[in-house]
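Here is the naming used below: chain letters follow the sequence lines, and residue numbers restart at 1 for every chain.
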Amino acid sequence: MAEKELQRSKSVLPIGTVMKLTDLTARQIRYYEEQQLVIPERTDGNRRMYSLNDIDKLLEIKDYLDDGINMAGIKAIYAQQKKRADDLQNETLTDSDVRRILHDEFLNISGLEPNSGAPLHSQRPLK
DNA sequence: GTTCTAACA
DNA sequence: TGTTAGAA
């Protein structure tokens, strides 16, 4: 199934097709690229070529926009998602690190106030 | 005909 | 974000 993933990552769509598929303007698509939200390939004469994954990403961005989220917010969302992905890797890796982390947290809990932190969590289990 | 960059009545 | 100008 890694085969299809590679195919979805193949950038073969010109911006014109992406516009039709996403209902976004070329201006917006290029702007989102500036914001590092999508990173299309550049083929021949400096033309952007998008992959199916890029299409999904853009459609997702469009949804966030419809929900009234601005560029900063969207960037924050992806930053948070990336961090979560990194955390997953860290957990998958060395379990001696897991012990170290648990150890650190233990020290923190034992030495801090009984403040029950209930901060503003904005989970996005979208997919 | 399409896309690119840069800039703004 | 729209739109436009000039080049590729």
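A donor-acceptor pair under 3.5 Å is formed between the side chain of Lys57(A) and the backbone N or O of Leu37(A). Judged by distance alone, the side chain of Glu105(A) and the main-chain N or O of Leu102(A) form no donor-acceptor pair under 3.5 Å.
The nearest whole Å value for the distance from the NZ atom in Lys20(A) to the C1' atom in dG1(B) is 11 Å. Distance, Arg27(A) CZ to dT3(B) P: 17 Å, rounded to whole Å.
Within 4.0 Å of Leu24(A), counting heavy atoms only, lies no atom of the nucleic acid at all.
The heavy-atom pair separating Asn70(A) from Gly73(A) by the smallest distance is OD1-N, 2.7 Å. Contact record, Pro40(A) with Asp54(A): CA-OD2, 4.2 Å, taken as the closest heavy-atom pair.
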> Starting at the 5' end of DNA chain B, what dot-bracket string do you get if Watson-Crick and G-U pairs under 3.5 Å are bracketed, crossing pairs use [ ], other-strand pairs use | and unpaired bases use dots?
Replying inline: .|||||||.
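To the nearest 0.5 Å, the span separating NZ on Lys62(A) from CD1 on Ile29(A) amounts to 10.5 Å. Expressed to the nearest 0.5 Å, how far OG1 of Thr17(A) lies from CD1 of Ile55(A) amounts to 8.0 Å.
Near DNA chain C, defined here as any heavy-atom distance below 4.0 Å, the residues from residues 32-51 of chain A are Tyr32(A), Arg47(A), listed numerically.
For the residue pair Tyr78(A) and Glu60(A), a side-chain donor N or O sits within less than 3.5 Å of a side-chain acceptor on the partner.
Between Asp86(A) and Lys82(A), at least one side-chain nitrogen of the basic residue sits less than 4.0 Å from a carboxylate oxygen of the acidic one, meeting the salt-bridge criterion.
When each of Arg30(A) and Leu65(A) is assigned the nucleotide of DNA chain C with its nearest heavy atom, Leu65(A) is the one assigned upstream, toward the 5' end.
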